[in-house]
Amino acid sequence: MNKAFELVKWTDGQTGSNPAVGCIVVKDNKIVGIGAHLIEGEGHAEVNALNMAGEHAIGATLYCTLEPCSHHGKTPPCTERIVNSGVKHVVFAVRDESLNSGFDYMKSQGIKIEQQYMSEIYDYYQPFFKAKMRKMPYTILKMGVTLDGKTADDQNVSQWITNAESRNHAHLIRYTCDAILIGYSTYKSDQPTLDSRKYKDKWIRKVIISNGKFELNESDDNEYDKSRIIIVTNTEQFIEDVTVIVLPELSPKAILEALYLHKIKRLIIEGGMQTIRLFVTAKLYDEIHQYIAPKLLGGSSKHQFLTTDQPSKMSEMTDLTLVTVKTFNQDVLLVYRKDDVDVYRHH
């Protein structure tokens, strides 16, 4: 099962709206087939592993990180393929309770079914289930700050607070997400590319919240970048090759629900601070990724980390749990999750 989970880690972030899944087929204590779900709409991990195993699958044991699917979607049910392959024992780590179970069907065909719970694999899949249950993306707030909590100086310059190692790691987290969200002011002032170029060339959606008329940056005025952009706005407008979502109210809940309908299941919000504060105030986020640089910037509280204009009350504090601490040279990454989210991702 650990080897199957390694396949998941290798393909994390590239399977579109489907979860990454790994599968190993074993016979006579030898691996005869391995498979991963590589691209949305193509063969699932079980099918790819069984294709490799061929006739060796007869009488074999199949290990899978996620319960084999039993429904007709873009591909046929994996349970049918498993039964037809001659596999006699299926072991999986996590049940997919959002779909109909194929247990009874496989059991009726003489296959032994076993769940082998592993907490790390369970934790990995919970953001997928959380998004599916709420019909909103699993949302990460990410920011790079100084030791005194500044995200930029008083001239709005933010490059660069964190070091190159921290920024490289942030690209890895981007790669696991479907989209990166920023506000219109940040889009115009920083001219960001919002991709995961430090790791792999993945097609990540670029979401910009615009309260009013939107003007495209010159750097995005090409067919590829325009196809990546989703504008969430309250103003009817048309920009060729760009997806425009018009909402009567630009509330965090409405924005997240609309993005989910556009197949955004994992979202990272990177700024600016006004946009991040919007989601913090609404308590609509699942994790906070805070990269802290050992620097003191000083100046006003204009870009102070997570300050709001709302009155504060001790009774209304949001409890967070620290789940990960990493260091990148002198920078420190702290990953927090909200206590009403009983899951977290491993990176």
Side-chain angles (χ1 to χ4, degrees), residues 1-13 15 17-38 44-50 53 57 59-71 73 77-83 85 87-134 138 140 176 265-266 286-287 321-325 335-347:
M1 194 64 77
N2 283 327
K3 292 185 183 297
F5 191 43
E6 285 297 321
L7 296 171
V8 169
K9 294 175 183 178
W10 293 342
T11 56
D12 185 22
T15 56
S17 59
N18 294 337
V21 178
C23 181
I24 304 284
V25 181
V26 177
K27 186 175 183 180
D28 299 329
N29 294 319
K30 295 179 181 179
I31 293 177
V32 295
I34 64 174
H37 180 40
L38 302 177
H44 287 187
E46 301 94 317
V47 173
N48 291 332
L50 290 171
T61 298
L62 181 146
Y63 294 87
C64 197
T65 55
L66 187 64
E67 175 188 353
C69 71
S70 59
H71 68 286
C78 289
T79 51
E80 289 185 4
R81 178 60 192 277
I82 291 170
V83 168
S85 73
V87 164
K88 290 301 181 184
H89 187 189
V90 171
V91 184
F92 64 90
V94 178
R95 284 206 60 184
D96 187 350
E97 297 183 0
S98 65
L99 299 173
N100 294 328
S101 174
F103 282 11
D104 293 339
Y105 172 63
M106 289 192 290
K107 283 182 178 179
S108 71
Q109 301 300 310
I111 296 178
K112 179 183 177 181
I113 309 297
E114 178 185 353
Q115 182 173 6
Q116 185 182 92
Y117 174 83
M118 293 180 65
S119 61
E120 186 179 13
I121 301 178
Y122 176 83
D123 290 341
Y124 172 84
Y125 283 115
Q126 294 316 295
F128 169 76
F129 293 134
K130 194 80 175 180
K132 199 170 185 180
M133 177 184 69
R134 297 179 306 186
Y138 190 85
I140 297 169
T176 68
K265 304 294 180 64
R266 290 183 286 185
D286 299 295
E287 295 183 5
T321 297
L322 178 65
V323 295
T324 303
V325 179
V335 176
Y336 298 93
R337 61 176 168 85
K338 281 169 52 185
D339 277 358
D340 63 348
V341 180
D342 62 350
V343 299
Y344 60 92
R345 295 185 58 78
H346 290 268
H347 295 295

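Annotation: the span from F92 atom CZ to Q116 atom CD amounts to 10.5 Å, rounded to 0.5 Å. Here OH of Y105 is found 8.0 Å from CD1 of I111. Values are rounded to the nearest 0.5 Å. Separating the NE2 atom in H89 from the NZ atom in K27 is a distance of 15.5 Å, to the nearest 0.5 Å. Rounded to the nearest 0.5 angstrom, D12 CG and R266 CZ are separated by 5.0 Å.
Using a 4.0 Å cut-off between a side-chain N of Lys or Arg and a carboxylate O of Asp or Glu, E6 and K3 do not qualify as a salt bridge.
Under the rule for a ring pair (Phe, Tyr, Trp, His ring centres under 6.0 Å), Y63 has no partner lying at least two apart in sequence or in another chain. Annotation: side-chain contact (heavy atoms from CB on, under 4.5 Å) contacts of A53 (sequence neighbours excluded): V25, V32, A57.
In this structure, the side chains of V21 and H44 stay at 4.5 Å or more apart for every pair of heavy atoms. For the pair V87 and L50, the minimum side-chain heavy-atom distance is below 4.5 Å.
Ring planes of F5 and Y124: perpendicular class, angle over 60° (limits at 30 and 60°).
Screening R134, K338, K130 for a side-chain hydrogen bond (donor to acceptor under 3.5 Å, both in side chains) with D286, the sole residue that qualifies is R134.
Not a single donor-acceptor pair under 3.5 Å links the side chain of R81 to the backbone N or O of E46.
Counting only residues at least two apart or on different chains, the side chain to side chain donor-acceptor pair (under 3.5 Å) pairs with a member in residues 28-37 are N18-H37.
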- Start with the C-alpha gap between E120 and N2, add the side-chain angles, then the distance that decides, and say whether side chain to side chain contact (heavy atoms under 4.5 Å, CB included) holds. CA-CA 10 Å; E120 186 179 13; N2 283 327; 5.6 Å; no

- Item | CA sep, side-chain torsions, deciding dist, call: C23, L7, side chain to side chain contact (heavy atoms under 4.5 Å, CB included) | CA-CA 8 Å; C23 181; L7 296 171; 5.9 Å; no

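Checked by atom type, the side-chain pair Y138/E287 shows a donor-acceptor distance below 3.5 Å.
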